S.K.: 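Okay, handing you the structure first.
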Amino acid sequence: MNIILFGPPGVGKGTQAKLIADKYNLKHISTGDILRAEIQKNTELGNKIKSILEAGKLVSDDIMIEIIRKTISSDESKNGIILDGFPRTVPQAIALNKLFQELNGKINFVIYLEVDEEQIIKRLENRFSCENCGKIVNTLIDKVVDMICPSCGGRLIKRDDDQPATILNRMKVYRDSTEPVKNYYQQQNLLFFVDGSGSVNEVFEQIDKILGT
Ligand code: AMP
């Protein structure tokens, strides 16, 4: 089974993707995580894209498609994948279709998570992630003491691009470049709408029902 988790930044894609990957034994591919790891390791690619991520802009389609090509073709992806953060443009979506054709695979579900913009901005402003285990927490909802991860005790940190000005820019980039991808998949009858405004478990139950059909 191959799934795309789609929707604006901060809608809960990362959190839900981890739950789905665990339950259905899929490889979770977060392009944002892959790029942040390159930056942290100071690779050539990392240095090239650092300022792009900090500004909340999109990395070029060529770079992104090459990353996805490598990841999807790897052995770890054989059981199926859940894509979180890709595709973000129509050319990326077209390239992904071609890639699946080459690999004799297909996309089974595109799950579109919906939350209104005001709530998304609030979520992003209060979002932190654990430096150690990667858990994503929202300080408005989760019980957090002294910025310590409630799961593993690691340090909670704020992403560089979760600052108010950058958040607004990321929303604009989403509207301009990423939203058209929704129509692309709707035309292929692959798009399933999920209300992402409830609790993590409520949202997961809705997704689980769709995947189980
Ligand atoms: P995310 O963690 O998914 O919010 O991604 C963080 C940042 O990584 C985005 O704001 C972009 O700068 C970059 N990025 C991630 N995925 C893509 C993609 N598919 N295309 C272009 N840029 C991306």
Side-chain angles (χ1 to χ4, degrees), residues 2-18 20-21 27-41 43 45-72 77 81-100 107 110-113 115 117 119-131 133-138 156-182 184-185 196:
N2 298 306
I3 304 167
I4 295 172
L5 210 47
F6 186 74
V11 79
K13 297 189 295 291
T15 302
Q16 294 298 329
K18 285 191 183 98
I20 299 163
K27 174 153 177 66
H28 173 200
I29 302 173
S30 157
T31 43
D33 284 352
I34 293 172
L35 299 174
R36 280 186 289 276
E38 293 286 334
I39 293 172
Q40 209 157 26
K41 283 187 281 182
T43 62
L45 173 63
N47 293 330
K48 198 164 153 187
I49 60 173
K50 191 171 186 288
S51 60
I52 300 176
L53 265 80
E54 276 169 3
K57 294 184 184 154
L58 292 184
V59 173
S60 77
D61 287 339
D62 287 353
I63 292 178
M64 294 315 301
I65 291 163
E66 197 41 41
I67 288 176
I68 286 296
R69 176 186 300 281
K70 271 193 205 140
T71 319
I72 293 188
S77 299
I81 57 170
I82 174 141
L83 281 168
D84 155 15
F86 187 98
R88 258 178 159 97
T89 64
V90 172
Q92 288 182 13
I94 292 169
L96 184 65
N97 260 13
K98 247 174 93 188
L99 197 54
F100 271 119
I107 298 156
V110 180
I111 307 285
Y112 175 64
L113 282 178
V115 173
E117 197 165 315
Q119 196 185 343
I120 285 180
I121 291 173
K122 232 187 230 162
R123 281 189 187 185
L124 287 173
E125 283 174 350
N126 295 285
R127 174 168 82 170
F128 293 82
S129 59
C130 175
E131 189 172 57
C133 72
K135 185 181 169 68
I136 301 159
V137 301
N138 181 321
L156 292 176
I157 50 168
K158 189 148 190 59
R159 273 173 48 171
D160 288 339
D161 57 356
D162 278 348
Q163 312 295 339
T166 319
I167 290 171
L168 290 180
N169 193 39
R170 285 163 65 206
M171 300 302 294
K172 183 178 171 353
V173 168
Y174 173 79
R175 278 193 300 272
D176 293 348
S177 305
T178 309
E179 197 138 75
V181 176
K182 198 167 86 182
Y184 177 81
Y185 287 121

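The structure displayed is predicted, hence computed values, not measured ones. Along the sequence shown, residues are numbered consecutively beginning with 1. Indexing begins at 1, ligand by ligand and atom by atom, following the structure's order.
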S.K.: Any side-chain donor-acceptor pair under 3.5 Å between D161 and T166?
M.R.: no
S.K.: Can you list everything that forms a side chain to side chain contact (heavy atoms under 4.5 Å, CB included) with K182? Sequence neighbours excluded, please.
M.R.: F6, Y112, E179, L191
S.K.: Going by the rule side chain to side chain contact (heavy atoms under 4.5 Å, CB included), which residues pair with D162 if we only count those two or more places apart in sequence or in a different chain?
M.R.: L124, R127, K158, R159, R170
S.K.: Ignoring hydrogens, what is the shortest heavy-atom contact between I68 and L83? Give both atom names and the distance.
M.R.: CD1-CD2, 3.8 Å
S.K.: Please tell me whether Y184 and N97 have a donor and an acceptor in their side chains that are separated by less than 3.5 angstrom.
M.R.: yes
S.K.: At a heavy-atom distance under 4.0 Å, which protein residues reach ligand 1? Sort them by chain and number, would you?
M.R.: T31, G32, L35, R36, L53, K57, L58, V59, M64, G85, F86, R88, Q92, R159, D161, R170
S.K.: What residues, two or more places apart in sequence or in another chain, satisfy side chain to side chain contact (heavy atoms under 4.5 Å, CB included) together with I121?
M.R.: E117, E125, I167, L168
